[in-house]
Amino acid sequence: MKKNKAVVVFSGGQDSTTCLFWALDKYEEVEAVTFDYNQRHNEEIEVAKEIANDLNIKHHVLDMSLLSQLAPNALTRDDIAVKDGEDGDLPSTFVPGRNLLFLSFATILAKQVDAKHVITGVCETDFSGYPDCRDVFIKSLNVTLNLSMDDQFVVHTPLMWLDKAQTWELADDLNAFDYVREYTLTCYNGVRGDGCGECPACKLRRNGLETYLKQRAEVTE
Ligand SMILES: [Zn+2]
């Protein structure tokens with residue numbers, strides 16, 4: 001297994017694109033994997049393809065359309081609105097076990113392409129109720145994956161303890177700030193870059209961006 005090769009779980013959004021740059025900085029060989037599960041906006045897959053192509057990265061798109069059968073939700077069904085979780089409920093974008101599946105498939109792919117490292121942009125800090133984004137879960141799954149394939153994969157989560165402002169800072173440190181800001185798609189309404197400005201994903205992204213830009217301005221003053 002190649003110690004200098006990584007597979008990045010990649011959606012074309014801010015977080016996973018930052019992870020892609022993080023991996024490119026660290027490993028000689030990087031491949032990306034995107035899961036197609038009939039996202040509300042197929043634009044997401046297109047953006048992921050474009051970015052991977054642009055960065056000259058081998059890109060795998062895996063069909064995970066069965067997810068919409070298992071968990072009809074706001075990301076895959078037009079008749080369910082995207083909204084924040086209220087009163088401790090999970091947000092309507094939640095697909096139970098999604099990261100469990102994505103990381104497992106990404107690691108099976110890593111085995112096939114001979115990569116020791118698997119990178120995912122999950123994050124506990126902006127915790128919106130996804131239990132399979134927690135650090136303890138990722139570590140547990142890492143052990144399970146290694147046992148399942150009798151191998152020594154390392155699952156990396158560079159964003160685990162970062163807030164959104166710090167994720168922008170990381171992109172900046174990797175000389176990818178402008179790229180991430182302009183080309184990625186985070187918006188639930190399928191608008192690239194700064195997005196529609198109205199949906200929960202855009203608000204979260206903008207708040208982090210504004211916080212980071214303010215901090216950066218203070219440092220350079
Ligand atoms: Zn939006």
Side-chain angles (χ1 to χ4, degrees), residues 8-21 32 34-55 59 61 64-65 67-68 71-96 98-99 102 120-130 132-133 158-159 162-172 174 176-216:
V8 179
V9 179
F10 180 56
S11 71
Q14 177 196 351
D15 291 349
S16 64
T17 305
T18 303
C19 286
L20 201 54
F21 279 99
T34 299
F35 298 101
D36 186 348
Y37 53 102
N38 302 328
Q39 286 89 330
R40 179 185 286 254
H41 291 285
N42 234 342
E43 181 73 8
E44 209 176 296
I45 307 289
E46 289 312 309
V47 169
K49 279 184 191 166
E50 264 181 56
I51 292 175
N53 188 41
D54 203 28
L55 299 177
H59 188 214
V61 179
M64 293 285 286
S65 53
L67 263 193
S68 62
N73 73 89
L75 288 185
T76 53
R77 290 250 310 262
D78 286 338
D79 54 333
I80 302 177
V82 174
K83 63 178 182 63
D84 286 321
E86 283 160 18
D87 304 325
D89 287 345
L90 293 166
S92 61
T93 51
F94 183 66
V95 182
R98 188 175 60 177
N99 281 315
F102 285 4
T120 169
V122 297
C123 165
E124 193 165 308
T125 312
D126 284 321
F127 187 56
S128 51
Y130 298 77
D132 58 354
C133 288
L159 312 184
L162 305 186
D163 61 24
K164 283 287 169 197
Q166 290 168 320
T167 303
W168 283 111
E169 185 179 7
L170 177 60
D172 209 1
L174 294 163
F177 178 85
D178 290 332
Y179 191 95
V180 170
R181 183 169 182 186
E182 195 169 337
Y183 294 109
T184 61
L185 172 67
T186 306
C187 174
Y188 289 143
N189 290 313
V191 183
R192 278 174 99 156
D194 289 340
C196 75
E198 299 296 326
C199 72
C202 279
K203 285 178 185 165
L204 191 66
R205 175 171 162 143
R206 189 182 53 215
N207 286 342
L209 179 65
E210 284 172 358
T211 304
Y212 174 61
L213 288 175
K214 220 173 113 192
Q215 285 165 357
R216 194 170 70 168

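Everything numeric in this text was worked out from a predicted model, so none of it was measured. First listed ligand is number 1; within each ligand, the first listed atom is number 1.
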Problem set entry | Matching residue for T18 among D172, T184, T167 - test: side-chain contact (heavy atoms from CB on, under 4.5 Å) |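 Option passing the side-chain contact (heavy atoms from CB on, under 4.5 Å) with T18: T167.
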For this session: Report the distance from atom CD1 of I51 to atom CD of E46, rounding to the nearest 0.5 Å.
Result: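 The CD1 atom of I51 sits 11.5 Å away from the CD atom of E46.
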For this session: Work out how many protein N, O or S atoms lie closer to the Zn ion (ligand 1) than 2.8 Å.
Result: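 Under the 2.8 Å cut-off, the count stands at 4.
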Problem set entry | Closest contact, heavy atoms only, C202 versus G195 |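 Taking C202 first and G195 second, the nearest heavy atoms are SG-CA, 3.7 Å.
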Exercise. Pairs in or reaching into residues 190-201: which pass salt bridge (Lys or Arg N to Asp or Glu O under 4.0 Å), with residues at least two apart or in two chains?
Worked result: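 Of all non-adjacent pairs touching residues 190-201, those that pass salt bridge (Lys or Arg N to Asp or Glu O under 4.0 Å) are E50-R192, R181-D194.
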For this session: Compute both the distance and the angle, then confirm whether R98 meets the cation-pi test with F35: under 6.0 Å from the six-membered ring centre, within 45 degrees of the axis.
Result: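 Geometry flag: not set, cation outside 6.0 Å or 45°.
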For this session: Could you tell me whether a side-chain N or O of N189 sits under 3.5 Å from a main-chain N or O of V191, the two making a donor and an acceptor?
Result: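 The answer is no, because no donor-acceptor pair under 3.5 Å joins these two groups.
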